[in-house]
Amino acid sequence: MNYTIEKVTTLIGARRYGNTDANISFILTDSRSLCFPEETLFFAIRTERNDGHNYIPELYGRGVRNFVVETIPENWATLYPNSNFLKVVGTLEALQRLAERHRDEFLIPIIGITGSNGKTMVKEWLYQLLSPEMIVTRSPRSYNSQIGVPLSVWLLNENTQIGVFEAGISKPGEMLALRDIIQPTIGVFTSLGTAHQENFPSLEAKCLEKLKLFHDTQAIVYSEDDQVLNDCISSKNYKGESLNWSAKDVHAAFFIKSIEKKDIETTVSYVWKEKVEGQYKLPFIDDASVENSITCAVVSLHLGIDPAHLAERMAKLEPVAMRLEVKEGQHGCTLINDSYNSDYNSLDIALDFMNRRPDHKGRKRTLILSDILQSGESGKELYNKVAFLCEKRGVEKFIGIGEGLLAERSAFKHLGEKHFFATINAFIHSDVFANLHDEVILLKGARQFGFDHLTELLVKKVHETVLEVNLNAVVDNLNWYRSFLKPETKLVCMIKADAYGAGAVEIAKTLQDHRVDYLAVAVADEGVTLRKNGITSNIMIMNPEMTSFKTLFDYDLEPEVYSFRLLDALVKAAQKEGITGFPVHIKLDTGMHRLGFDPQKDMDELIKRLKHQNAIIPRSVFSHFVGSDADSFDDFSAHQFALFDEGSKKLQAAFKHKIIRHMDNSSGIEHFPERQMDMCRLGLGLYGINPRTNKIINNVSTLKTTILQLRNVPAGDTVGYSRKGTIDHDSLIAAIPIGYADGLNRHLGNRHCYCLVNGKKAEYVGNICMDVAMIDVTGIDCKEGDSVEIFGDDLPVTVLSDALDTIPYEVLTTISNRVKRVYFQD
Ligand SMILES: *Cc1c(COP(=O)(O)O)cnc(C)c1O
């Protein structure tokens with residue numbers, strides 16, 4: 001659907017500058033995601049840290065002509081000819097208003113889903129359950145925020161027969177806006193949990209805020225067995241029909257007679273509205289899935305799906321892959337695996353993700369796509385759209401799998417290289433498959449086309465031990481630390497030591513995408529690797545070697561300078577290359593007594609030498625706290641700060657240009673936000689460990705392996721080298737493929753620490769070997785091939801560092817390179 005610019009102007013109550021005709025089909029709030037400039041309306045949204053207005057020149061350059069703004073750019077008519085500026089008081093509110101007016105056009109059932117957990121799973125399962133008989137428009141991924149909801153609702157179009165949207169809130173007062181945009185006719189509450197609780201005085205308060213979504217709904221789906229939720233709903237007198245479910249109350253709309261769990265499936269028997277008896281089997285056994293399936297069953301029955309159809313579809317429910325995974329592939333390829341339901345909107349998001357990861361030039365961007373099912377459009381319409389999207393998103397090689405794509409291959413005539421196959425097997429046996437090399441490949445396929453098998457073939461065979469890195473958690477941690485900073489304070493992200501073990505290149509891509517001001521690595525070679533992988537951010541080199549100056553200049557890597565010897569050598573090298581004004585970062589030693597100039601004794605000489613040349617200029621001056629993590633060092637920290645303040649001000653006074661001053665590291669940001677000055681340096685906190693509390697903020701890295709072999713060992717025998725692992729009662733011992741050569745410290749052995757097997761603690765028995773370790777799984781329900789968590793989401797890395805009497809920094813940075821890193825993003 002599209003709207004004329006006049007119509008949009010009226011709908012959002014804007015004042016229009018410019019009178020160029022335009023039709024709007026796409027809404028953009030993030031300049032990086034631009035795809036169809038001519039039909040795009042850009043909302044310049046101001047957040048605490050960023051201002052969409054700053055991106056207008058760039059977007060105009062890329063062809064965007066329609067903007068919603070709070071301030072009209074000066075000289076807009078001459079600077080931006082043939083464009084329209086719609087001036088409003090608040091751009092976010094205008095975006096929400098537009099979505100709301102768009103929503104008004106639809107007299108169809110709309111499901112609004114809220115709750116603490118399970119929103120996305122319920123939404124996706126409802127899509128799977130309902131789409132055989134109706135055309136469903138739903139939020140892409142978990143677009144459920146103040147911006148995500150309007151963007152989702154905007155996707156409603158003339159084909160839509162039912163809408164399914166998530167509403168997520170993190171603060172009081174947010175739900176009203178979302179309710180007005182979604183205007184749900186059916187309200188669904190998944191579950192009440194503790195997420196975002198810090199922003200609410202009580203669980204009830206949070207529950208009531210979420211329930212605002214239900215104010216005008218015709219039906220409300222919720223668990224009567226959740227006491228808090230039930231009380232909150234009872235206190236509200238909603239007009240809508242109560243579709244409560246319960247395992248206790250036989251009068252509930254959906255009474256659960258029994259839930260029986262077997263090895264791989266669960267059977268739920270129920271009575272619907274005290275009349276209809278039914279039963280379904282679910283191919284999952286975890287509690288969350290069972291609960292979410294019940295919510296979906298209630299909605300489906302309410303919408304008139306009969307119990308037999310429901311049971312048929314429940315049995316075929318597919319897991320909801322929430323993550324986009326980045327893996328190393330065979331023959332120099334990088335794989336981006338997105339098995340999230342294949343549809344047009346999620347394809348667009350995945351292509352955007354691929355494009356935002358800068359990559360070494362010369363690597364082709366390849367898309368392997370299966371037929372898109374249940375879109376509600378004809379093949380021709382759909383694949384014309386897909387082909388156009390691929391062109392716009394810069395796909396260089398297209399591989400289509402399935403009869404649908406094969407039939408519509410002519411739609412792709414404008415794409416460079418393209419190949420079509422009826423089945424995955426035909427593809428796997430073709431030359432096209434055999435010749436994949438040095439490409440960035442996005443795999444996007446419906447499960448029934450066998451993409452799991454394809455991924456297996458393409459992924460580089462790795463050692464079964466992997467470090468999973470959650471890129472969303474990195475961003476959440478970044479934002480957590482940013483919340484202590486003034487909007488204008490700059491940030492250096494420390495990605496030395498291969499990003500504290502998480503893998504510098506992918507972490508750098510994520511951070512660059514989130515516009516951090518500087519990245520810092522230890523040595524020049526690390527900086528070169530980043531540059532070769534497309535990183536264009538400013539890069540600081542903390543320990544430049546005397547032999548690396550040429551590399552620094554060639555790759556635009558800004559060194560730290562800590563001594564006169566280094567300073568003189570650097571100046572000389574720069575002069576020899578004819579370089580002027582190369583930025584450097586001056587380090588002062590205020591108490592660490594590691595590296596740096598003395599802020600009291602060296603400043604005059606330092607200033608003299610800096611002034612005496614023009615090859616380099618000081619861009620920043622900094623020092624490092626020795627103990628910002630512990631209150632007991634507060635006096636010493638104050639002393640350090642005073643020394644730095646004096647020395648750095650002296651340096652600044654000697655120069656006309658601004659010299660950035662910085663001192664806070666992760667714990668400094670939290671503990672001394674008043675000392676943030678112009679910039680801070682974030683290290684460990686970014687990777688999810690709060691150095692002050694030793695607690696996990698948002699876990700980033702999970703080190704995982706699998707059980708290789710299980711064996712019963714009788715009492716009296718021993719396990720491992722030197723007979724260290726004595727067994728005093730009959731035990732079940734598992735061997736896992738991780739050893740000290742992978743970074744599993746040998747001191748963890750002999751029951752000094754444990755890992756997790758199916759959620760249960762299993763101690764290391766005997767000496768840890770080079771490549772293998774043995775663990776005691778006596779009494780734990782497990783089998784060969786089961787996954788083992790060494791540390792991560794459920795076992796904080798600090799448990800290991802405490803057991804080793806060291807710091808988490810050491811545990812993280814000693815994971816060896818042969819452990820493959822796998823990245824994922826929701
Ligand atoms: C590593 C490092 C940091 C980051 O410290 P964290 O405690 O990990 O936040 C900051 N500054 C310098 C100079 C560093 O070397």
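Start at 1 and go down the list; that is how both ligands and their atoms are numbered. Along the sequence shown, residues carry numbers from 1. Quick caveat: nothing in here was measured; it's all calculated off a predicted structure.
Checking only distances, Tyr500 does come within under 3.5 Å of ligand 1, N or O to N or O. At under 3.5 Å, a nitrogen or oxygen of Leu684, whether backbone or side chain, sits near a nitrogen or oxygen of ligand 1. Residue-to-ligand polar distances keep Gly685 apart from ligand 1: every N/O pair is separated by 3.5 Å or more. Between Tyr809 and ligand 1, a contact under 3.5 Å exists for at least one N or O pair.
Proximity of the aromatic rings of Tyr754 and Tyr764 is defined here by a centroid distance below 6.0 angstrom, and this criterion is not met. In this structure, the ring of His585 has its center less than 6.0 angstrom from the ring center of Tyr518.
Applying the side-chain hydrogen bond (donor to acceptor under 3.5 Å, both in side chains) test to Thr590 and every residue at least two apart in sequence or in another chain returns Ser623, Gln640.
Closest protein heavy atom to atom 5 (O) of ligand 1: Asn665 CB, 3.6 Å. The protein non-hydrogen atom at the shortest distance from atom 11 (N) of ligand 1 is Arg681 NE, 2.7 Å.
Using the six-membered ring where Trp is involved, Phe672 and Phe625 have ring planes that are tilted, between 30° and 60° apart. Between Phe641 and Phe644, the two ring planes are tilted [angle within 30° to 60°].
In summary, the atoms of ligand 1 found under 4.0 Å from a heavy atom of Lys496, numbered by their order in the structure, are 1 (C), 2 (C), 3 (C), 14 (C), 15 (O). Ligand-side atoms of ligand 1 in range of Ser666: 6 (P), 9 (O), range being under 4.0 angstrom from any heavy atom. Atoms of ligand 1 found under 4.0 Å from any heavy atom of Met542 (numbered from 1 in listed order, with element): 13 (C).
Listed by first then second residue, pairs satisfying side chain to side chain donor-acceptor pair (under 3.5 Å) with a partner in residues 480-501 read Thr489-Gln676, not counting sequence neighbours.
With a 6.0 Å radius and a threshold of 12 heavy atoms from other residues, nucleotides or ligands, Lys608 has its NZ atom at or below the threshold.
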